[in-house]
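Note that these values count all heavy atoms, side chains included, but never hydrogens, waters or copies made by symmetry. Fair warning: this is a prediction, and the values are worked out from it, not measured in the lab.
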Amino acid sequence: FAWDEAAGKLAMDRAIAVMNAAEQHPCERLSGVVFPSQIDTCTEELFRDAIALSGETGRPITTHISQAIIEFLEMVRRHGITPIQWANQIGLLGPDTILDHAIFVDSHPATNWHTRRDLDLLADTGTNVAHCPAPFARYGYALTDFGAYERAGINLGIGTDVAPHNLLEE
């Protein structure tokens with residue numbers, strides 16, 4: 001990882017300006033979503049700033065998380081806990097949060113992790129998950145147990161993560 005915190009801050013400032021301009025458009029139909037790209041590629045400070053912005057503006061927040069084994073292992077190496085558990089620790093989880101993917105949680109067989117807390121954390125905080133099956137099917141990965149998310153009480157929706165976006169294909 002080549003960290004460039006100044007570039008991250010600049011990109012966040014630009015995104016805020018775009019959201020503000022969109023929300024001031026006379027059509028009154030545009031709104032913003034706070035979107036630090038990925039749990040493993042943004043600093044904790046940027047995430048905390050994004051969480052604060054979401055709370056201050058009422059905008060929902062989203063990020064890619066638990067989308068790859070390498071990301072899962074990197075977050076465990078950095079923090080000693082799963083990406084979902086770390087997201088909870090910094091205050092990211094909640095009803096205004098949509099996590100993109102959240103496939104490689106601690107109960108996924110590929111993670112070989114010793115806890116089984118991630119789905120409960122998502123459910124207890126009211127965090128939403130956007131599942132995007134098509135790209136993962138191409139990689140040979142899958143959400144191993146849709147029913148486990150449903151039984152836990154997690155709001156699991158279908159999202160798109162490819163261009164062009166095609167909800168019917170998903």
Side-chain angles (χ1 to χ4, degrees), residues 1 3-68 71 75 83-105 118-139 143 146-170:
F1 293 87
W3 295 104
D4 187 342
E5 293 183 45
K9 177 69 173 131
L10 181 61
M12 179 74 123
D13 290 343
R14 287 181 182 153
I16 292 168
V18 168
M19 287 186 284
N20 288 341
E23 291 167 352
Q24 293 170 6
H25 190 274
C27 75
E28 298 181 353
R29 297 181 66 183
L30 303 174
S31 61
V33 175
V34 181
F35 191 179
S37 182
Q38 296 176 198
I39 198 74
D40 58 333
T41 62
C42 297
T43 64
E44 180 175 343
E45 180 181 355
L46 190 139
F47 266 105
R48 290 189 182 276
D49 289 348
I51 294 162
L53 176 66
S54 173
E56 292 163 7
T57 62
R59 295 175 182 136
I61 186 168
T62 187
T63 194
H64 290 89
I65 189 170
S66 297
Q67 66 177 343
E71 171 226 313
M75 294 302 287
I84 300 292
Q85 292 166 19
W86 187 74
N88 185 58
Q89 190 175 72
I90 65 167
L92 178 61
L93 303 186
D96 293 328
T97 300
I98 304 166
L99 298 182
D100 305 336
H101 311 302
I103 291 175
F104 295 102
V105 295
D118 288 356
L119 294 184
D120 288 339
L121 284 172
L122 296 175
D124 292 347
T125 57
T127 302
N128 306 282
V129 173
H131 179 48
C132 307
F136 288 92
R138 291 184 197 119
Y139 309 143
L143 181 77
F146 180 93
Y149 289 69
E150 185 179 36
R151 286 187 300 277
I154 298 166
N155 181 33
L156 183 62
I158 299 294
T160 62
D161 198 29
V162 294
H165 298 293
N166 185 339
L167 193 54
L168 295 176
E169 183 179 290
E170 294 295 337

Once rounded to the nearest 0.5 Å, what's the spacing between atom [atom1] of [X] and atom [atom2] of [Y]?
{"X": "H131", "Y": "I154", "atom1": "NE2", "atom2": "CD1", "value": "12.5 Å"}
{"X": "L93", "Y": "Q85", "atom1": "CG", "atom2": "CD", "value": "10.0 Å"}
{"X": "I84", "Y": "I39", "atom1": "CD1", "atom2": "CD1", "value": "8.0 Å"}
{"X": "E44", "Y": "R48", "atom1": "CD", "atom2": "CZ", "value": "4.5 Å"}
{"X": "Y149", "Y": "D118", "atom1": "OH", "atom2": "CG", "value": "8.5 Å"}
{"X": "T97", "Y": "L92", "atom1": "OG1", "atom2": "CG", "value": "5.0 Å"}

* Asked: Going through the distances and angles, do E71 and I65 end up as a side-chain contact (heavy atoms from CB on, under 4.5 Å)?
  -> CA-CA 8 Å; E71 171 226 313; I65 189 170; 4.1 Å; yes
* When you measure from the side chain of E23 to the backbone N and O of S31, does any donor-acceptor pair fall under 3.5 Å? -> no
* Asked: So, does S54 use its side chain to make a donor-acceptor pair with the main chain of R59 at under 3.5 Å?
  ->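 Checked: pair present.
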* **Centroid separation H101 to F136 less than 6.0 Å** => yes
Closest contact, heavy atoms only, [X] versus [Y]:
{"X": "V129", "Y": "L122", "value": "CG2-CD1, 4.0 Å"}
{"X": "T43", "Y": "E5", "value": "CG2-CG, 3.7 Å"}
{"X": "M12", "Y": "L46", "value": "CE-O, 4.1 Å"}
{"X": "A123", "Y": "A152", "value": "CB-O, 3.0 Å"}
{"X": "F35", "Y": "T62", "value": "CD2-O, 3.2 Å"}
{"X": "P95", "Y": "N128", "value": "O-ND2, 3.1 Å"}

Taking side chain as C-beta onward, heavy atoms only, is [X] less than 4.5 Å from [Y]?
{"X": "D100", "Y": "D161", "answer": "no"}
{"X": "P36", "Y": "I51", "answer": "no"}
{"X": "L143", "Y": "L156", "answer": "yes"}

* Apply side-chain contact (heavy atoms from CB on, under 4.5 Å) to the pair Q67 and Q38, showing each step before the final yes or no. => CA-CA 9 Å; Q67 66 177 343; Q38 296 176 198; 3.5 Å; yes
* Asked: Hey, mind stepping through M19 and L53 against side-chain contact (heavy atoms from CB on, under 4.5 Å) and telling me if it holds?
  -> CA-CA 11 Å; M19 287 186 284; L53 176 66; 4.1 Å; yes
